[in-house]
There are 2 protein chains.
Amino acid sequence: MTLDETDKKILRLLQEDAHLTLKDIAKQINLSLTPVHDRVKRLQQEGIIEKYVTILNKKKIGQNLTVYCQVTLIKQTHDTSEGFNQSILNLPEVVECNFVSGSFDYMLKIIVPDMESYHQFHQQKLSVLSGVSLIHSFFVMSEVKSTTVLPI
Amino acid sequence: MTLDETDKKILRLLQEDAHLTLKDIAKQINLSLTPVHDRVKRLQQEGIIEKYVTILNKKKIGQNLTVYCQVTLIKQTHDTSEGFNQSILNLPEVVECNFVSGSFDYMLKIIVPDMESYHQFHQQKLSVLSGVSLIHSFFVMSEVKSTTVLPI
DNA sequence: TTCAAGAAAGAAAAAAATTCTGAAAACTAA
DNA sequence: TTAGTTTTCAGAATTTTTTTCTTTCTTGAA
């Protein structure tokens, strides 16, 4: 369960590129295939490595607008929250949703093709969810940084 | 450059699991290896597939606190912005940083081990950046959804 | 009808992952 | 220290996957 320096080196490499071969990794950290293989397998089994995913270029698939969205519910009861949470899971435009402390309840990150799509999403998919009281939108004008790499 | 239904099927599968073999994909979309191979290669070359990454479990590597952070600069000149942008790229705790429209300038997403680490980060790394005027933090209490999958 | 282009199938070769065997190093307990 | 145990790693063999090459099938235009 505790990560030694070799584990960390492997994780740092794999975070950046999930298609690195064991051979590549072995070479970069001066080990043979076997220990690298065993460690990666162990890290997967322990759930430290959660999954391998493919990152697409938003722009190139026509998803040009990112919006941060602060949502406030009518009341914070368990039922209201649970209903909202479940609905969010079914909305593919919502790529992040977190319950937060502060002057509103949820922070969402939405990705859509354009402003017209966002208007539709807002009107027909988000504001109609039961329990939703206030929605405050912030539009991304320029992306400075976006990474899946965690400090380790 | 234009994606047909087969391309989209491949992208949908690969977004969820970058370690699917060509054989697996071929089977799921009823094709042989060759066209799947050719299409994946093309999608990579065109940059539609940007990269393959490994997602780690935040909790299991001790990164227990996520914070959304709204930053306002003293002034919005090009130089001030550029300086801020460059500094952000060097901070591993910042996993997202976007320039947004509205009552503040930047929306950041920060991942750190705990509140003490965040305090340190805030005081010693963020607030000291030149040009930073206001910082407003929202702490994540519960993660509802977090995905790298884009609607396609 | 015939030719050319695009998409897919199948087979062969190259590369990678997986499994197996065993050696070296580190740690434990008498 | 010494013997026993565990952990970590190396090397080789096997299996699986990727990559490359050749061929077939379909479609559309001359």
Side-chain angles (χ1 to χ4, degrees), chain A residues 1-63 113 147-152, chain B residues 1-63 113 147-152:
Chain A
M1 178 62 221
T2 167
L3 301 172
D4 66 12
E5 195 47 44
T6 303
D7 288 332
K8 290 181 185 172
K9 280 181 188 166
I10 292 174
L11 292 176
R12 280 188 209 111
L13 290 169
L14 280 178
Q15 278 197 102
E16 306 268 1
D17 184 0
H19 271 196
L20 279 176
T21 64
L22 296 177
K23 200 173 151 194
D24 290 335
I25 299 173
K27 197 172 178 184
Q28 292 199 49
I29 65 176
N30 284 314
L31 270 179
S32 69
L33 280 179
T34 317
V36 176
H37 178 263
D38 291 351
R39 281 167 184 269
V40 170
K41 203 166 177 184
R42 197 194 74 231
L43 292 166
Q44 287 171 355
Q45 278 166 348
E46 287 177 350
I48 292 166
I49 291 180
E50 207 162 83
K51 56 188 170 181
Y52 303 100
V53 305
T54 302
I55 305 295
L56 306 186
N57 185 304
K58 280 195 288 285
K59 294 277 156 68
K60 293 197 174 167
I61 59 169
Q63 304 286 6
T147 182
T148 54
V149 175
L150 301 177
I152 199 165
Chain B
M1 176 65 220
T2 168
L3 301 172
D4 66 12
E5 196 48 44
T6 303
D7 288 333
K8 290 181 186 172
K9 280 181 189 166
I10 292 173
L11 292 176
R12 281 187 207 111
L13 290 170
L14 279 178
Q15 279 197 102
E16 306 268 3
D17 184 0
H19 271 194
L20 279 176
T21 64
L22 297 177
K23 200 174 151 193
D24 290 335
I25 299 173
K27 197 172 179 184
Q28 292 198 51
I29 66 176
N30 284 315
L31 271 179
S32 68
L33 280 178
T34 316
V36 176
H37 178 264
D38 291 351
R39 282 166 183 269
V40 171
K41 202 167 175 183
R42 198 194 73 231
L43 292 166
Q44 288 171 354
Q45 279 166 349
E46 287 177 350
I48 292 165
I49 291 180
E50 206 161 84
K51 56 188 171 181
Y52 303 100
V53 305
T54 301
I55 305 294
L56 306 186
N57 185 305
K58 281 196 287 286
K59 295 276 157 67
K60 293 197 173 164
I61 59 169
Q63 303 286 6
T147 182
T148 53
V149 174
L150 301 178
I152 197 163

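So you know, we letter chains A, B, ... as the sequences are listed, proteins then strands, and number each from 1. These figures come from a predicted structure and were not determined experimentally. Just so you know, these numbers use all the heavy atoms, side chains as well, and skip hydrogens, waters and symmetry mates.
Distance A:K9 NZ to D:dC9 P: 11 Å, rounded to the nearest Å. Atoms NZ (B:K27) and C1' (D:dT16) sit 14 Å apart, rounded to a whole Å. B:I29 has its CD1 atom 11 Å from the C1' atom of C:dA8, to the nearest Å. If you measure from atom NZ of A:K23 to atom P of D:dC9, you get 20 Å, rounded to the nearest angstrom. Whole-Å rounding puts the A:L22 CG to D:dT15 C1' distance at 14 Å. Between the CZ atom of A:R42 and the P atom of D:dT8 there is a distance of 7 Å, rounded to whole Å. Rounding to whole angstrom units, CD1 of residue A:I25 and C1' of C:dA17 are separated by 12 Å. Distance CG (A:D38) to P (D:dT6): 17 Å, rounded to an integer number of Å.
Closest contact between the side chain of B:K41 and the listed nucleotides D:dT18, D:dT20, D:dA10 involves D:dT20. Closest to the side chain of B:L31, out of C:dA8, D:dT17, D:dA10, is C:dA8. Distance from the side chain of B:P35 is smallest for C:dA8 among the nucleotides D:dT18, C:dT18, C:dA8. For A:R39, counting side-chain heavy atoms from C-beta on, the closest listed nucleotide (C:dT18, D:dT19, D:dT8) is D:dT8. Out of D:dC9, C:dA9, C:dT19, the shortest distance to the side chain of A:H37 is found at C:dT19.
B:L33 comes within 4.0 angstrom of a nucleotide base, judged by non-hydrogen atoms across all strands. Using a 4.0 Å heavy-atom cutoff across all strands shown, B:T21 reaches sugar-phosphate atoms only and no base atom.
Contact annotation: the side chain of B:L13 approaches that of B:I29 to within less than 4.5 Å [non-hydrogen atoms, C-beta and beyond]. Two residues are said to be in side-chain contact when any heavy atoms from C-beta on lie closer than 4.5 Å; A:L56 and B:L43 fail this criterion.
Side chain B:T34 to base C:dA9: a donor-acceptor pair is found below 3.5 Å.
The two residues A:L11 and A:I48 have their closest heavy-atom pair at CD1-CG2, 3.9 Å. Of all the heavy atoms in A:E16 and B:V53, the pair that sits closest is O-CG1, 4.1 Å.
The existence of a salt bridge linking A:R12 and A:E5 is confirmed by a sub-4.0 Å separation between a basic side-chain nitrogen and an acidic carboxylate oxygen.
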